[in-house]
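Below you'll find the structure, written out as structure tokens, and then a few comments.
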Amino acid sequence: MKLRPYQQQLVDGMLAEWRSGARRIAAVMATGGGKTPTAMTVAEMSLRQGLPVLWIAHRTELIDQAIDKAEQVAEPGRRIGRLQGARKQWRAEIVVASIQTASTAATLSLLRTRRWGLIIVDETHHIVADTYLRVLRELGAFQPDGPLVLGVTATLDRSDGLALGQVFERIVEPRIGLVDLIRSTPPYLVPPRGIRVRIAELDLDRVRRTAGDLNSG
């Protein structure tokens, strides 16, 4: 898969940070910019050195997407496994895992038997949750000779104020934003179109507001 110029820029930035000594970096890209194929390109670099890759996500649709992109980007014949629920394909070259499964004691005992070259965390603003930190610690991601860590997200912040800096040492961003992706020639993204839906019988007058928004309860 040929990367777009800004995706290649992001990959080059990651490699430069790792070469400078950083071990754990976050890559930020606007929604729709192609974070998954970009990260999978880096994963393939690890595989070429004979080091397996662990990709972690928290929802089934993200796991499905990662496996689909891995099949598109990886060299023919690569073994791509799913680690989710009862499916324990942990011996594959690329293992795409749910954090719910990967963080269990039984699964971690399997994962610790391998020397991982790269751990990729999708929607990485979740990475300071106890489950993610448990996996990173158990697999040696905070050790000087442990696996490299790459976090990918469109929103590198958390509403609860927990510091992502306790994991990441550097941040890499392409010099292109969401508006640029829409206005480029040719455009990488289609312009958004908002649709307002009116429901005649809906009455929100009695719903209180919390923090400036309607109270979901």
Side-chain angles (χ1 to χ4, degrees), residues 1-4 7-8 10-15 18 23-29 31-127 129 131-141 146-154 167 172:
M1 177 180 289
K2 182 176 176 58
L3 295 180
R4 298 169 180 172
Q7 293 171 335
Q8 185 62 55
L10 196 65
V11 170
D12 293 342
M14 298 175 200
L15 297 178
W18 279 321
R23 306 290 300 175
R24 301 176 301 280
I25 64 175
V28 184
M29 185 185 293
T31 299
K35 294 181 293 295
T36 304
T38 303
M40 277 298 177
T41 300
V42 178
E44 178 60 31
M45 295 178 184
S46 178
L47 296 176
R48 289 172 187 167
Q49 299 177 38
L51 297 173
V53 175
L54 177 63
W55 180 293
I56 303 174
H58 70 294
R59 296 201 311 270
T60 296
E61 55 265 35
L62 295 175
I63 294 170
D64 293 341
Q65 175 181 284
I67 292 173
D68 177 64
K69 295 301 180 185
E71 292 171 345
Q72 295 179 37
V73 174
E75 292 182 358
R78 291 286 189 209
R79 292 177 290 112
I80 303 167
R82 180 187 290 263
L83 186 61
Q84 183 183 28
R87 300 184 67 175
K88 299 289 197 301
Q89 299 168 335
W90 58 278
R91 294 186 180 89
E93 292 173 280
I94 304 176
V95 177
V96 182
S98 75
I99 185 60
Q100 295 86 350
T101 300
S103 59
T104 65
T107 303
L108 282 171
S109 67
L110 299 175
L111 296 177
R112 282 197 302 268
T113 64
R114 305 190 66 186
R115 178 176 173 243
W116 300 94
L118 176 65
I119 299 175
I120 299 176
V121 178
D122 201 357
E123 298 292 328
T124 202
H125 45 280
H126 296 291
I127 202 169
T131 48
Y132 288 89
L133 291 176
R134 185 184 312 133
V135 172
L136 294 178
R137 291 192 186 103
E138 290 288 336
L139 300 185
L148 298 175
V149 175
L150 170 62
V152 292
T153 184
V167 174
V172 180

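Starting from 1, each residue takes its place in the sequence as its number.
The backbone N or O of Val95 lies less than 3.5 Å from no partner atom in the side chain of Gln89, so there is not a single donor-acceptor pair. Ser46 places no side-chain N or O within 3.5 Å of a backbone atom of Ala43 that could act as its donor or acceptor partner. When atom types are taken as modelled, the side chain of Ser98 and the backbone of Thr101 share a donor-acceptor pair closer than 3.5 angstrom. Between the Arg79 side chain and the Arg91 main chain, a donor and an acceptor come within less than 3.5 Å of each other. Put simply, the side chain of Lys88 gets close to the backbone of Gly85: a donor and an acceptor are under 3.5 Å apart.
Within the model, atoms OG1 of Thr38 and CD of Gln8 stand 9.0 Å from one another, a figure rounded to the nearest 0.5 Å. We find the CD1-NZ distance between Ile80 and Lys69 to be 12.5 Å, quoted to the nearest 0.5 Å. To the nearest 0.5 Å, atoms NE2 (His126) and OG1 (Thr153) are separated by 7.5 Å. Rounded to the nearest 0.5 Å, atoms OG1 (Thr36) and CD (Gln65) are 4.0 Å apart. Here the CG-CG distance, from Leu139 to Leu111, works out to 5.5 Å after rounding to the nearest 0.5 Å. The structure places CG of Leu118 at 9.0 Å from CH2 of Trp55, a figure rounded to the nearest 0.5 Å.
Of all heavy-atom pairs between Pro52 and Ala92, the closest is CB-O, 4.4 Å. Heavy-atom minimum distance, Leu51 versus Gly117: CB-CA, 3.5 Å. Considering every non-hydrogen atom in both Ala97 and Leu54, the closest pair reads CB-CD1, 4.0 Å. The minimum heavy-atom distance linking Trp116 with Pro147 is given by the pair O-CB, 3.1 Å. A pairwise comparison of heavy atoms in Ala27 and Leu150 identifies CB-CD1, 3.9 Å as the closest pair. Tyr132 approaches Ile127 most closely through the heavy-atom pair CB-O, 3.2 Å.
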Step-by-step side chain to side chain contact (heavy atoms under 4.5 Å, CB included) determination, Leu15 to Met45: CA-CA 10 Å; Leu15 297 178; Met45 295 178 184; 3.9 Å; yes
Please evaluate residues Val152 and Asp122 with respect to the criterion side chain to side chain contact (heavy atoms under 4.5 Å, CB included), reporting the C-alpha separation (whole Å), side-chain torsions for both, the decisive distance (0.1 Å), and the verdict. CA-CA 5 Å; Val152 292; Asp122 201 357; 3.7 Å; yes
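Evaluation of the side chain to side chain donor-acceptor pair (under 3.5 Å) rule for Thr41 yields no partner, not counting sequence neighbours. Annotation: salt bridge (Lys or Arg N to Asp or Glu O under 4.0 Å) contacts of Arg115 (sequence neighbours excluded): none. For Thr104, the side chain to side chain donor-acceptor pair (under 3.5 Å) criterion is met by Thr107, not counting sequence neighbours. Residues meeting the salt bridge (Lys or Arg N to Asp or Glu O under 4.0 Å) test with Glu138, sequence neighbours left out: Arg112. Residues forming a salt bridge (Lys or Arg N to Asp or Glu O under 4.0 Å) with Glu44 (at least two apart in sequence, or on another chain): Arg48, Arg78. Residues forming a salt bridge (Lys or Arg N to Asp or Glu O under 4.0 Å) with Arg4 (at least two apart in sequence, or on another chain): none.
Within the 4.5 Å cutoff, side-chain heavy atoms of Leu133 are placed close to those of Val167.
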